[in-house]
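Below: the structure, in structure tokens.
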Amino acid sequence: RRKDIEACGVCGGRNIIYDEYSGEYICRDCGYVVVESKSSTEPSRKELFGAKHGVGPRFTPLLHDRGVGTLKVGRVSTAREQLLSNMLREVVWVSDKLGVGTGVAEMAAEFGRRAMEKGVGRRTSRASAAAAVYLAANHHGLGRTLDDVAKAADITTTQLTKHVSNFVMGINLRPIPPNYDALVKRFGKALEISSEVVERACMLLKTGGLASQLVGRKPSAVAAAALYLACRSRGQKISMTRLSEASGVSILTLRKTTNILSSYCGGVEKDV
């Protein structure tokens, strides 16, 4: 910590830390960058928009001024702009780690802006950015689970769940039904399950009235359970251990979800 830094200019906190990665002095209480680094760690225009957009930034929510106020990425003049700039930097970082497209990152940036305006995302943190990315990926139907996003962002699933809940309530987002098909196909590909069985699992989850039985159930557990039942219905053996590892859910959760699907759908032997 530098001796000439006494307190944060935004919240008055004295818990100032030095970020070796960015070269900045940051208030740990509110996230405000007290002293900026001379070298910018913001993503370059080439990284954000591709090489063909080197003449100047296009209009994009991934920049704090949307690309219309400055040609230098990361140039901010107020504390609020600094917080927003940090939030957007984390959104880009998490989106890149998760491997989602620019469309998801830009939607996540809009969610982050709305959250800060409502006072939900005042503190810049990777968890807040990860929550915005998770919700954006969910709206695009990409089938990314909370565990997937938490792992990419290097945070706990509990942290992410809390921030997602705050975002949903704070900016009044309508929940999007889980994209079970995307999860089923993803797990099926990872386990090298035949396309016939994968399609059977997708059809199983479209059984009339089943949606009401799955409320509150972990989407990845539902997808894995459907694959397990589809394999059995086609006379193919697959262990719950393999499905558990591929989906990231415990065997106990997978077994309970399988029993729910089996008892409701019928025509498939119940696993006990």
Side-chain angles (χ1 to χ4, degrees), residues 10-11 17 19-34 36-37 40-45 47-49 57 60-67 73-76 78-140 142-173 175-176:
V10 175
C11 69
I17 60 173
D19 187 343
E20 294 182 354
Y21 174 75
S22 64
E24 300 169 332
Y25 287 85
I26 303 172
C27 175
R28 200 166 186 175
D29 295 329
C30 71
Y32 177 66
V33 177
V34 181
E36 296 183 26
S37 170
S40 175
T41 58
E42 292 280 351
S44 67
R45 292 194 298 276
E47 293 173 323
L48 287 176
F49 319 120
T60 173
L62 291 173
L63 296 177
H64 74 279
D65 58 7
R66 297 184 183 275
V73 178
R75 193 70 171 178
V76 295
T78 66
R80 184 181 180 281
E81 287 182 349
Q82 181 67 68
L83 290 173
L84 179 58
S85 181
N86 290 346
M87 163 74 80
L88 298 179
R89 179 175 60 190
E90 294 291 355
V91 165
V92 172
W93 189 88
V94 174
S95 298
D96 180 65
K97 291 284 288 184
L98 193 61
V100 295
T102 304
V104 172
E106 291 186 340
M107 179 177 282
E110 291 292 0
F111 288 162
R113 288 174 185 275
R114 288 166 57 185
M116 291 190 69
E117 290 172 359
K118 296 289 185 179
V120 178
R122 286 181 178 175
R123 294 188 179 186
T124 300
S125 69
R126 184 159 295 168
S128 294
V133 172
Y134 169 79
L135 290 169
N138 176 251
H139 275 67
H140 277 75
L142 297 185
R144 295 296 194 274
T145 65
L146 287 166
D147 291 336
D148 292 335
V149 179
K151 183 177 180 180
D154 195 25
I155 59 176
T156 66
T157 304
T158 302
Q159 283 179 295
L160 179 58
T161 302
K162 178 182 177 180
H163 281 75
V164 168
S165 297
N166 290 341
F167 267 59
V168 170
M169 292 185 292
I171 62 179
N172 194 27
L173 283 176
I176 303 298

- At what distance, to the nearest 0.5 angstrom, does CG of Leu98 lie from CH2 of Trp93? 10.5 Å
- Item | Closest non-hydrogen atom pair, Ala132 against Gly112 | CB-N, 4.3 Å
- Message: Within this structure, what is the CD-CD1 distance for the pair Glu110 and Ile171, rounded to the nearest 0.5 Å?
- Response: 10.0 Å
- Query: Closest heavy-atom contact between Val91 and Ala109?
  - Reply: CG1-N, 4.2 Å
- Heavy atoms of Val100 and Val104 approach each other most closely as CG2-CG1, 3.8 Å
- Distance from Leu146 atom CG to His163 atom NE2, nearest 0.5 Å? 13.0 Å
- Item | ring pair (Phe, Tyr, Trp, His ring centres under 6.0 Å), paired with His139, selected from Phe167, Tyr134, Phe111 | Phe111
- Nearest heavy-atom pair of Ala136 and Ala108: which atoms, and what distance? CB-N, 3.6 Å
- Note on the structure: Here the pair of heavy atoms bringing Glu90 nearest to Ala129 is CB-CB, 3.5 Å
- Message: Measuring from atom CE of Met107 to atom NE2 of His140, what distance do you get when rounded to the nearest 0.5 angstrom?
- Response: 4.5 Å
- Residues Met87 and Ser128: closest non-hydrogen pair is CE-CB, 3.8 Å
- Looking at OG1 of Thr156 and NZ of Lys162, how far apart are the two atoms once the value is rounded to the nearest 0.5 Å? 10.0 Å
- Note on the structure: Interatomic distance, NZ@Lys151 vs CG@Leu160, rounded to 0.5 Å, equals 14.5 Å
